[in-house]
Amino acid sequence: AQKVTQAQTEISVVEKEDVTLDCVYETRDTTYYLFWYKQPPSGELVFLIRRNSFDEQNEISGRYSWNFQKSTSSFNFTITASQVVDSAVYFCAPSSTSGTYKYIFGTGTRLKVLA
Amino acid sequence: GAGVSQSPSNKVTEKGKDVELRCDPISGHTALYWYRQSLGQGLEFLIYFQGNSAPDKSGLPSDRFSAERTGGSVSTLTIQRTQQEDSAVYLCASSLARGGGTDTQYFGPGTRLTVL
């Protein structure tokens, strides 16, 4: 069974600060995918990134970057120069490559960016 | 193109009543998922559809919960004899179901259910 731990329940930062959201996952699958979603106050989950377990290269997209380390089962998400619009709940979710491909979500990390 | 839509956006009901929640997936998406998000909780998987079949219903919390999908498109989640603990946001997601876990699920705005 898969499991994800986002130990940081809530983080508050001041605008322009960098912030890293931690994600540790457990899976018995040898091949799997990892996702990050953003849930702004409006409630709709917005897809941010998908990463497969074979690709350990870090990825950068604008102010967002992801650090995937298979050895420590972590897939951390960093926002550089945070903005108020980044305020949201962020979810990390693993998905297996077999079965129903359902996501196993953690409780998420609430990020508050203060002006 | 149009995203996943859900209706109603808000539903207030009395304990013991039945409710139906609707999901319209993205056109062409054969996989459809229902999740539930309770206050302060993460998202909890409820049921998965591939076409009109539901090969994984493992997340339905009780037999008061049921779901169907017709025409490989619209899905309805029904909760009978609602209880206060059913109060939550119910989220629907769809994906292309290309297999291998590569699918990205696209979520609707959710239905907020309040049981008084």
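Numbered from 1 within each chain, the chains take letters A, B, ... in sequence-line order. Values below: all heavy atoms of this structure, side chains included; hydrogens, waters and symmetry mates excluded. If you're wondering where the values come from, they're calculated on a predicted model, not measured in any experiment.
Between B/Tyr33 and A/Tyr103, the gap from one ring centroid to the other reaches at least 6.0 Å. Between A/Phe105 and B/Phe45, the distance separating the two ring centers is not shorter than 6.0 angstrom.
The candidate with the highest count of non-hydrogen atom pairs below 4.5 Å against chain A, out of B/Ala31, B/Gly59, B/Gly42, is B/Gly42. Ranked by non-hydrogen atom pairs under 4.5 Å with chain B, the options A/Leu45, A/Val89, A/Thr107, A/Thr9 are led by A/Leu45.
Transitive grouping of hydrophobic side chains (ILVMFWY, heavy atoms separated by less than 4.5 Å) keeps A/Ile104 and A/Phe75 in distinct clusters. Linking ILVMFWY residues whenever their side-chain heavy atoms come closer than 4.5 Å, directly or via other members, leaves B/Val4 and A/Phe35 in distinct clusters. B/Phe65 is not connected to B/Leu91 by any chain of hydrophobic side-chain contacts under 4.5 Å among Ile, Leu, Val, Met, Phe, Trp and Tyr, and they are in different clusters. A/Leu111 is connected to A/Ile49 through a chain of hydrophobic side-chain contacts under 4.5 Å among Ile, Leu, Val, Met, Phe, Trp and Tyr, so both are in one cluster. Linking ILVMFWY residues whenever their side-chain heavy atoms come closer than 4.5 Å, directly or via other members, places B/Leu21 and B/Leu32 in the same cluster.
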Could you walk me through whether B/Phe107 and A/Tyr37 pass the ring pair (Phe, Tyr, Trp, His ring centres under 6.0 Å) check? CA-CA 10 Å; B/Phe107 285 79; A/Tyr37 282 82; 5.3 Å; yes
I'd like to know whether A/Val46 forms a side-chain contact (heavy atoms from CB on, under 4.5 Å) with B/Tyr106, so could you lay out the CA-CA distance, the side-chain angles of the two residues, the decisive distance to 0.1 Å, and finally the verdict. CA-CA 8 Å; A/Val46 177; B/Tyr106 295 92; over 6 Å; no
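Nearest heavy atoms, B/Gly108 versus A/Glu44: O-CG, 3.7 Å.
The part of B/Gln37 that comes within reach of chain A is its side chain, from C-beta onward, which places non-hydrogen atoms under 4.5 angstrom from that chain. In this structure, chain B has a heavy atom under 4.5 Å from the side chain of A/Gln39, while its backbone stays farther away.
Enclosure of atom CG in B/Leu39 is not indicated, since only 12 or fewer non-hydrogen atoms of other residues, nucleotides or ligands lie within 6.0 angstrom. Taking a 6.0 Å sphere around CZ of A/Arg110, one finds it holds 12 or fewer heavy atoms contributed by other residues, nucleotides or ligands.
Within the model, atoms CD of B/Gln105 and CZ of A/Arg50 stand 11.5 Å from one another, a figure rounded to the nearest 0.5 Å.
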